[in-house]
Amino acid sequence: MTLRLHDTATRALRPLEPLQPGRVGVYTCGPTVQARPHVGHLRSAIALDVLHRWLLASGYEVVFVRNVTDVDDKIIHDAAHGDEPWWALATRMERAFTQAYDAVQCLPPTVTPRVTGSIPSITALIERIIDRGHAYASGGDVYLAVRTAEGYGALSGQDPDALRASEKAVAHGHTGEKRDPLDFALWKAAKEGEPSWPSPWGPGRPGWHIECSAMAVDVLGEEFDLHAGGLDLVFPHHENEVAQSRCAGHPFARHWLHHGLVTVAGGGGEKMSKSLGNSTTVEDVLRQVRPQVLRYALGAGHYRSQLEWSPATLGDAEAAYGRIETFVRNATEATRGVQPGESQASWADFAAALDDDLGVPQALAAVHTGVRAGNALLDAGDLPRLAATLADVRRMLAVLALDPVEQWPAGASDLTAVVDALVAIAVEARADARARKDWERADAVRDRLKASGIVLEDTPTGVRWRLS
RNA sequence: GGCCGGGUGGCCGAGUGGCUUAGGCAAGGGCCUGCAAAGCCCUGUACGCGGGUUCGAUUCCCGCCCCGGCCUCCA
């Protein structure tokens with residue numbers, strides 16, 4: 001089995017063929033740490049985390065790079081209007097992103113390069129591009145001469161002449177003179193009061209796109225396996241990354257993967273973004289639901305699909321994930337100490353689904369098939385085969401970071417044992433009443449527990465309780 | 001205006017030139033239960049509109065309508 005992934009450059013499914021067998025290098029464009037993360041950012045991280053985990057599960061050694069853009073126009077602007085230095089804002093927000101990623105169990109990247117830590121690589125790369133005749137300095141800025149970049153527009157399907165005709169394509173905020181409106185800044189001369197670093201062209205800071213080219217090549221080399229990011233980055237960001245990297249003589253990424261965006265129901269259905277003022281922060285959501293439910297809500301669809309965020313989204317996820325959790329909990333209790341018996345077939349379907357462009361929805365169908373089969377075995381009391389099914393289901397869930405046992409254990413303040421003991425007293429009282437066929441009294445006990453949020457379930461092997 | 005992607009049963013959400021036509025939620029029926037809860041079984045016959053290709057299209061082609069992304073910072 002080989003993993004096939006959609007490649008933006010060819011608009012087709014292509015097998016992932018690593019440069020070095022057994023090792024995959026992935027570069028993904030991380031956040032600009034300007035504001036708190038919203039659920040769209042997390043959707044991105046979760047989609048790529050499934051890729052990361054599936055590569056690991058498939059036996060690859062993975063170098064997963066996710067950069068942090070910690071200096072840019074907006075950070076400088078916001079910090080200037082607030083009461084803290086730009087680097088303090090960036091650090092504070094980077095921490096918020098890290099917390100959000102951790103909360104939903106995204107594996108940490110192998111390395112997290114930052115723009116402010118990569119200035120020498122960036123200036124060296126720009127010099128190389130200038131030396132090769134594809135960039136020029138002007139008024140302290142340096143621009144890439146887009147017309148000298150062979151194949152410009154191929155990744156995103158843009159026609160340079162058509163772009164030229166579109167006034168919008170002209171980048172803003174430059175101080176030097178461009179030779180062509182399509183040219184974009186590799187280096188921006190410092191304006192009054194802005195952070196800057198020394199360079200051969202005077203004090204300044206990197207343009208938006210060059211950082212990623214420099215950091216990717218720093219870690220992964222001049223040619224690497226996969227570059228990923230949101231669909232909104234295809235143009236101009238990724239197109240420009242390709243252009244400047246090729247102008248530097250680097251083959252760059254062999255495969256391009258882009259995930260769909262989160263849109264907002266109601267308000268016109270447009271993309272969730274900070275600048276449109278329609279974003280829901282991760283913090284807000286995690287006050288409403290458990291992180292595993294948010295992970296399910298953002299990760300259950302296909303990564304290339306658009307995900308519409310609506311008031312129903314979290315409720316739907318709670319219900320769907322709840323079914324899985326219920327099975328894992330019930331089966332775990334029932335099979336405690338039982339050796340797994342005959343193995344089930346779900347894993348093969350699951351693996352085939354993920355190998356086919358990370359088909360998470362179909363992979364989840366395999367999980368649910370396992371859950372249904374497992375519930376039937378639970379009813380039948382076939383514990384050895386139930387144990388095998390449970391192991392299978394949990395193995396699948398682990399790849400999606402949705403295993404209720406391993407990945408989302410109860411916290412340190414867990415009072416399960418205490419409640420267990422207390423509920424036992426009530427259950428005994430109810431059992432006495434039931435033995436006398438005093439249904440009224442028995443139901444009263446159950447109703448009182450329910451009012452406190454504890455649901456009792458009678459099973460062939462005894463009474464179990466759960467929080468409603 | 002240019003370049004992409006999409007419109008699937010009550011809802012979410014896969015997928016395919018015909019075959020048992022995912023999965024979840026919700027709904028109805030049944031089983032289990034003292035009653036519940038949880039679970040299992042069964043049921044619904046959907047693919048925006050109009051043409052075309054085809055023995056046959058939801059799936060391919062053309063046109064139209066609608067929605068989203070990019071062309072400006074953006075996951």
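Residue numbers start from 1 in every chain, and the chains themselves are labelled A, B, ... in the order their sequence lines are given, proteins ahead of strands.
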Trainee: Among B/G68, B/G34, B/A14, which is the nearest nucleotide to the side chain of A/E270?
Mentor: B/G68

Trainee: Relative to the ring of A/F224, is the ring of A/F252 parallel (under 30°), tilted (30 to 60°) or perpendicular (over 60°)?
Mentor: perpendicular

Trainee: Rounded to whole angstrom, note down the P distance from B/U58 over to B/G30.
Mentor: 36 Å

Trainee: Return whichever of A/W439 or A/S305 has its heavy-atom-nearest nucleotide of RNA chain B closer to the 5' end.
Mentor: A/S305

Trainee: Under 4.0 Å, heavy atoms only, any strand: does A/S310 hit a base, just the sugar-phosphate, or nothing?
Mentor: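 Nothing, no nucleic acid heavy atom in range.
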
Trainee: Using the P atom on both, measure B/C4 against B/C40 and round to a whole Å.
Mentor: 46 Å

Trainee: For A/H41, which residues count as a ring pair (Phe, Tyr, Trp, His ring centres under 6.0 Å) partner, sequence neighbours excluded?
Mentor: A/H38, A/F97

Trainee: Who are the side-chain hydrogen bond (donor to acceptor under 3.5 Å, both in side chains) partners of A/T8, not counting sequence neighbours?
Mentor: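 Listed in chain order: A/H258.
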
Trainee: Restricting to pairs with a member in residues 105-114 of chain A, which pass side-chain hydrogen bond (donor to acceptor under 3.5 Å, both in side chains), not counting sequence neighbours?
Mentor: A/E94-A/R114

Trainee: Ion pair present between A/D447 and A/K450, side-chain N to carboxylate O less than 4.0 angstrom?
Mentor: no

Trainee: Strictly under 6.0 Å, is that where the ring centroids of A/Y143 and A/F184 end up?
Mentor: no

Trainee: Report the distance from atom CG of A/L48 to atom C1' of B/A75, rounded to the nearest whole Å.
Mentor: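 Rounding to the nearest Å, CG of A/L48 and C1' of B/A75 are 9 Å apart.
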
Trainee: Please report the distance separating the C1' of B/G1 from the corresponding atom of B/G17, rounded so that it comes out in whole Å.
Mentor: 36 Å

Trainee: With rounding to the closest Å, how many angstrom separate the C1' atoms on B/C32 and B/A37?
Mentor: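 Between the two C1' atoms, the distance is 12 Å.
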
Trainee: Using a 3.5 Å cut-off and no angle test, enumerate the donor-acceptor pairs between side-chain atoms of residues 389-400 of chain A and protein atoms at least two apart in sequence or in another chain.
Mentor:
residue : atom : partner : partner atom : Å
A/T389  : OG1  : A/R385  : O            : 3.0
A/R394  : NE   : A/D403  : OD1          : 3.3
A/R394  : NE   : A/D403  : OD2          : 2.9
A/R394  : NH2  : A/D403  : OD2          : 3.2

Trainee: Are A/R246 and A/E150 within salt-bridge range, i.e. N to O under 4.0 Å?
Mentor: no

Trainee: Rounded to whole angstrom, note down the C1' distance from B/C25 over to B/G9.
Mentor: 13 Å

Trainee: If the condition is ring pair (Phe, Tyr, Trp, His ring centres under 6.0 Å), which residues does A/F327 pass it with, not counting sequence neighbours?
Mentor: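 Listed in chain order: nothing, the list is empty.
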
Trainee: Could you give the distance separating B/C60 and B/A75 at their C1' atoms, to the nearest angstrom?
Mentor: 34 Å

Trainee: With sequence neighbours left out, which residue pairs that include part of residues 457-468 of chain A fulfil the salt bridge (Lys or Arg N to Asp or Glu O under 4.0 Å) condition?
Mentor: A/R430-A/D458, A/R434-A/D458, A/E457-A/R464, A/E457-A/R466

Trainee: Strictly under 3.5 Å: I want the nitrogen or oxygen pairs between protein and nucleotides 37-43 of chain B, one per line.
Mentor:
residue : atom : partner : partner atom : Å
B/A37   : O2'  : A/E457  : OE2          : 3.3
B/A37   : O2'  : A/R466  : NH2          : 3.2
B/A37   : N1   : A/D458  : O            : 3.2
B/A38   : O4'  : A/E457  : OE2          : 3.4
B/G39   : O3'  : A/N375  : ND2          : 3.1
B/G39   : O2'  : A/D379  : OD2          : 2.9
B/C40   : OP1  : A/R323  : NH2          : 3.0
B/C40   : OP1  : A/N375  : ND2          : 3.4
B/C40   : OP2  : A/R323  : NH1          : 3.3

Trainee: What is the distance from CH2 of A/W309 to C1' of B/C67, rounded to the nearest Å?
Mentor: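 That distance rounds to 21 Å.
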
Trainee: Considering every strand and a 4.0 Å limit on heavy-atom distances, what is the contact class for A/K271: base, sugar-phosphate, or nothing?
Mentor: base

Trainee: For the pair A/D141 (side chain) and A/A185 (backbone), establish whether a donor and an acceptor sit closer than 3.5 Å, ignoring hydrogens and angles.
Mentor: no

Trainee: If I take atom CG in residue A/L233 and atom P in nucleotide B/A75, what distance separates them, rounded to the nearest angstrom?
Mentor: 6 Å

Trainee: Below 3.5 Å between N/O atoms, which protein atoms pair up with nucleotides 2-12 of chain B? Just atom names and distances, please.
Mentor:
residue : atom : partner : partner atom : Å
B/C3    : O2'  : A/G157  : O            : 2.9

Trainee: How far does the P atom of B/U8 sit from the matching atom of B/G48, given to the nearest Å?
Mentor: 7 Å

Trainee: May I have all residue pairs that pass salt bridge (Lys or Arg N to Asp or Glu O under 4.0 Å) and include part of residues 37-53 of chain A, sequence neighbours excluded?
Mentor: A/D49-A/R53, A/D49-A/R295

Trainee: Roughly how far apart, to the nearest Å, are B/G7 and B/C49 at atom C1'?
Mentor: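 Roughly 11 Å separates the two C1' atoms.
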
Trainee: Closest-nucleotide mapping onto RNA chain B: is A/Q362 or A/E440 further toward the 5' terminus? I mean the 5' end.
Mentor: A/Q362

Trainee: Check each residue of residues 26-45 of chain A for a non-hydrogen atom within less than 4.0 Å of any atom in RNA chain B, then write out the ones that pass by number, or none.
Mentor: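 RNA chain B contact set from residues 26-45 of chain A: A/C29, A/G30, A/P31, A/T32, A/H38, A/G40, A/H41, A/S44.
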
Trainee: Please name the pair of heavy atoms, one in A/V39 and one in A/V285, separated by the smallest distance, quoted to 0.1 Å.
Mentor: CG1-CG2, 3.7 Å

Trainee: Classify A/H302 by what it touches in the nucleic acid, base, sugar-phosphate, or nothing, heavy-atom distance under 4.0 Å.
Mentor: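 Since only primed, P, OP1 and OP2 atoms lie under 4.0 Å of A/H302, the category is sugar-phosphate.
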
Trainee: Regarding A/V367, tell me which of base, sugar-phosphate or nothing describes its non-hydrogen contacts under 4.0 Å with the strands shown.
Mentor: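 Result for A/V367 = nothing.
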
Trainee: List in chain and number order the residues that pass ring pair (Phe, Tyr, Trp, His ring centres under 6.0 Å) with A/Y303, two or more places apart in sequence or in another chain; answer none if no residue qualifies.
Mentor: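 Ring pair (Phe, Tyr, Trp, His ring centres under 6.0 Å) check on A/Y303 returns nothing, list empty.
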
Trainee: Find the distance A/H6:NE2 to B/G69:C1' and express it as a whole number of Å.
Mentor: 13 Å

Trainee: If we ignore hydrogens and angles and just use 3.5 Å, is the side chain of A/K178 paired with the main-chain N or O of A/D183 as donor and acceptor?
Mentor: yes

Trainee: Could you check how far CG of A/L51 sits from C1' of B/A75, rounded to whole Å?
Mentor: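 Whole-Å distance recorded here is 15 Å.
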
Trainee: I need the CZ-P distance between A/F235 and B/C71, as an integer number of Å.
Mentor: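 Taking CZ of A/F235 and P of B/C71, I get 8 Å after rounding.
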
Trainee: Return one dot-bracket line describing RNA chain B 5' to 3' (Watson-Crick or G-U wobble pairs, both distances under 3.5 Å; ( ) same strand, [ ] crossing, | another strand, . none).
Mentor: (((((((..(((.....[....))).(((((.......)))))....(((((..]....))))))))))))....

Trainee: What integer distance in Å separates A/E239:CD from B/C70:C1'?
Mentor: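 A/E239 atom CD is separated from B/C70 atom C1' by 11 Å.
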
